[in-house]
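Since we're looking at a predicted model, the values are computed, not measured. Residue numbering restarts at 1 for every chain, and letters A, B, ... go by the order of the sequence lines.
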Amino acid sequence: MSIYDSLNDSQKEAVFTTEGPLLILAGAGSGKTRALTHRIAYLIEEGIARPENIMAITFTNKAAGEMRDRVDNLAGQEAGKVWVATFHSSCVRILRRFISRLGYDNNFVIYDTDDQKTLMKEICKNLNINTKLYKERSLLSAISSAKNELIGPEKFAKIHGGDFSKQKIVEVYKEYQSQLYKNNALDFDDLIFKTVELLETNEDVRDFYQESLRYIMVDEYQDTNTAQFKLVSLLAGKYKNLCVVGDDDQSIYKFRGANIQNILSFETVFPEAKVIKLEQNYRSTKNILHAANEVIRHNEGRKDKTLWTQKEEGEKIILNQFETAYDEAASISKDIRELVENEGYKYSDIAVLYRTNAQSRILEEKLIRDLIPYKIINGINFYQRREIKDMLAYLRTVDNGRDDIAVKRIINVPKRGIGDVTISKVQDYAIRNEYDFFDALSKSREIPLAENTVCRVNSFVNFIHSLRDKLDTVTVRGLLEEIIDETGYLAELKLENTEEAQARIENVEELINKTAEFDERKADEALSEFLSDAMLMTNLDSLDTDTDYVPLMTIHNAKGLEYPKIFLTGMEDGLFPGFMSIGSDDPDELEEERRLCYVALTRAMRSLTITCARQRMVRGETQLNNISRFVTEIPEDMLDMKIKEGRMLGYKGRGSLASAPGRPSAKPFFLEKSYDPKKFEVKKADALSYGVGDTVKHVKFGEGKVMEVLDGGKDFEVTVDFQKAGTKKLFASFAKLQKI
DNA sequence: AATAGAATGTTTTTT
DNA sequence: ACATTCTATT
């Protein structure tokens with residue numbers, strides 16, 4: 001018996017193919033992490049590679065942690081030397097050692113999204129950029145996209161030099177990058193970009209890593225961007241032992257730079273590449289898997305593969321349409337109770353998924369009322385919280401005096417009477433003399449400032465200096481505690497005496513624990529190390545298995561997870577797929593939404609309930625939505641629609657994607673009474689003052705032509721083609737349309 | 001400098 | 001609807 005006996009044939013092939021470029025197309029639930037970890041174990045066990053010559057790269061800390069555990073379990077002692085890390089932390093590791101070659105200091109800081117925004121705001125101010133025309137966010141996103149494509153400021157200028165509309169971006173990008181350099185800071189994209197630059201321009205460094213990392217494995221390969229692809233190509237450039245694992249059907253991060261071409265054309269880039277498909281799914285029942293297959297089949301640009309399973313047929317997929325989102329939530333809550341009380345499910349066996357975070361509120365409210373334990377798994381991560389960022393900014397200031405963003409963040413936190421006016425005076429002085437902001441503060445006497453202000457500034461400067469003096473003798477924890485004591489940060493929060501302040505206090509205390517942990521683990525490492533760990537760290541409170549609760553999360557968040565029971569909510573055209581992707585002229589946007597839907601469906605192991613509402617509040621407007629086109633791509637015989645009479649509104653039946661303006665008027669149906677107390681009564685007019693073909697006026701949308709009037713029983717549903725706002729479906733009693 | 005009311009802009013998220 | 005960010009006021 002060997003550990004490889006439990007693998008299927010394709011998995012075995014993937015494990016035993018150790019040389020040359022290898023693309024493993026691993027469908028959902030096909031055991032790709034298993035294959036990957038066994039492959040690492042095999043390399044070590046057979047003596048093909050020493051552990052320190054193996055690298056496994058993932059995207060998230062969580063994935064890296066899981067991989068680490070599994071490798072350690074499979075391959076024993078030696079496995080600790082395998083390089084298992086995320087893209088970003090791998091790059092930090094390389095850059096901490098060699099970035100001086102690029103002119104940065106080795107104790108560079110990492111700027112997160114918040115810091116980037118702060119910096120960008122300043123740049124826009126200095127360059128007199130009209131932020132109404134050029135939003136900080138879109139400027140940053142343009143820069144990020146450029147960096148993901150390995151286009152630096154100069155190259156960007158060359159490419160877009162002739163494009164007048166891009167001139168501002170060219171200018172901003174250049175300034176942004178030089179500010180980062182001045183602050184000895186790298187943003188997340190730079191971590192990859194600069195590592196690529198380093199390896200490209202320094203042959204000895206490249207050679208060092210190519211020799212050292214002879215076998216490279218990349219997980220979730222479909223999520224890589226161009227820069228990340230370049231990075232692994234460079235690292236694997238000598239021995240070409242690059243094994244990538246991914247599923248093009250689960251590529252859902254285009255919006256943050258993922259280049260699906262990386263996986264689709266892997267064989268073109270590496271003509272000698274071997275391709276292995278893992279198509280046996282070990283997760284879902286036949287019904288669920290076939291439904292998912294049917295949906296994803298509608299995408300054009302994909303590698304051909306069809307998942308299959310030996311599992312039983314299983315239950316049909318339940319499809320429920322409700323009148324309102326409140327009814328939807330009530331039904332889900334009731335179903336969860338039922339499943340737990342009568343069908344042996346634990347709360348933690350059940351997950352509720354949605355497209356947008358905004359949908360969680362209604363669900364949450366209902367679950368609270370019904371006393372169902374739940375937890376919203378959201379993105380707001382620990383290290384991004386205000387109080388934590390404040391504390392880190394202090395540490396950053398101590399660590400790297402060039403980090404202007406950090407200094408400015410905490411110079412008046414807690415309040416020291418150093419306001420915007422003072423800050424901009426110091427800033428002007430700093431720019432005139434080419435000082436760092438902190439150095440300018442140290443010379444506050446030379447700036448025309450009020451005597452009082454000079455005093456305050458000096459006491460801040462002295463405080464930071466006193467902390468720096470202790471750097472060599474004190475632990476990170478000691479440093480942090482001194483900061484907290486001296487600034488009275490916690491004391492101030494305690495005075496507030498609110499629930500929110502209490503939470504902040506607990507967070508700061510948690511940060512103290514983190515520093516203590518760090519000190520114990522890496523006694524000899526510098527403050528810079530703690531800070532980059534912190535900047536690259538995210539949600540600490542991911543999944544704790546001790547408590548039994550229903551997780552609520554976005555579909556993006558659910559990737560990589562599986563649950564016996566899934567509730568897929570808000571499956572409505574306009575919400576999922578969202579307006580943006582429906583209206584887009586880029587067909588790939590809709591395909592990406594469909595992939596997202598595929599990810600959602602394939603999370604379910606035994607049972608899946610799809611829900612939607614006819615009527616939903618979106619951004620303060622009540623919208624009427626049809627059932628998601630993706631649902632209509634699931635063959636009807638796999639669905640249990642629970643419809644007593646007629647067809648479900650918006651359900652156009654098998655595979656039909658055609659928009660059907662003249663669809664039959666179905667009566668809305670109710671599975672149960674609406675519970676919403678806020679719900680207002682609708683008075684249906686006996687007759688409308690307008691009809692099809694009339695021109696009407698709406699308060700918000702302006703003038704439009706009535707395309708269709710449907711008697712929904714309770715109210716009239718009117719479809720109007722507005723000249724400016726496009727076609728909308730409205731309830732007559734809400735819309736208050738005026739005939740013209 | 002601090003605060004309260006107005007304007008704004010709203011998929012998805014990791015690092 | 002709602003949260004964040006901006007502006008105008010004291």
Practice problem: Could you encode protein contacts along nucleotides 1-10 of chain C as a string, one character per nucleotide from 5' to 3', using B for base contact, S for sugar-phosphate-only contact and - for no contact, with a heavy-atom cut-off of under 4.0 Å? | Solution: BS--SS----

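- Rounded to a whole angstrom, the distance from the C1' atom of C:dT5 to that of B:dT12 is 22 Å.
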Exercise. Determine, step by step, whether A:K32 and A:D219 satisfy the salt bridge (charged side-chain N to carboxylate O under 4.0 Å, His left out) criterion, reporting the C-alpha distance in whole Å, the side-chain angles of both residues, the deciding distance to 0.1 Å, and the verdict.
Key: CA-CA 9 Å; A:K32 72 177 161 103; A:D219 195 14; 3.1 Å; yes

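- Legend: residues meeting side-chain contact (heavy atoms from CB on, under 4.5 Å) with A:N184, ordered by chain and number and at least two apart, are A:Y104, A:D105, A:N107, A:F108, A:N400, A:R402.
- Put simply, the side chain of A:E328 does not reach to within 4.5 Å of the side chain of A:R614, judged on heavy atoms.
- Applying the side-chain contact (heavy atoms from CB on, under 4.5 Å) test to A:K389 and every residue at least two apart in sequence or in another chain returns A:D112, A:D114, A:D115, A:R396, A:R409.
- Checked against ring-ring contact (aromatic ring centres under 6.0 Å, His included), A:F630 has the following partners two or more places apart in sequence or in another chain: A:F576.
- Counting non-hydrogen atoms under 4.0 angstrom, A:Y253 reaches the backbone sugars and phosphates but no base.
- Residues forming a side-chain contact (heavy atoms from CB on, under 4.5 Å) with A:T515 (at least two apart in sequence, or on another chain): A:V476, A:R477, A:L480, A:I512, A:F530.
- Every residue meeting the side-chain contact (heavy atoms from CB on, under 4.5 Å) condition with A:D586, not counting sequence neighbours, appears here in chain and number order: A:K254, A:S584, A:D588, A:E589.
- Separating the P atom of C:dT4 from that of B:dT13 is a span of 16 Å, rounded to the nearest Å.
- At the phosphate of B:dT15, OP1 or OP2 sits under 4.0 Å from a side-chain N or O atom of A:N61.
- For A:R355, the listed nucleotide lying nearest its side chain is B:dT12; candidates were B:dT12, B:dT13, B:dT15.
- For B:dT12, the OP1/OP2 oxygens have a side-chain nitrogen or oxygen of A:N357 closer than 4.0 Å.
- Of the side-chain N and O atoms in A:R137, one or more sit less than 4.0 angstrom from OP1 or OP2 of B:dT10.
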Kindly give the atom pairs (protein nitrogen or oxygen, nucleotide nitrogen or oxygen) under 3.5 Å for nucleotides 1-4 of chain B.
unit_1: B:dA1; atom_1: OP1; unit_2: A:G419; atom_2: N; d: 3.1
unit_1: B:dA1; atom_1: OP1; unit_2: A:D420; atom_2: N; d: 3.1

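- Remark: A:S581 is not in phosphate contact with B:dT11, judged by side-chain N or O atoms under 4.0 Å from OP1 or OP2.
- Under the side chain to side chain donor-acceptor pair (under 3.5 Å) criterion, A:K147 pairs with A:Q177, A:D187, A:D190, sequence neighbours left out.
- Every side chain to side chain donor-acceptor pair (under 3.5 Å) that A:S90 has, sequence neighbours left out, goes to A:W83.
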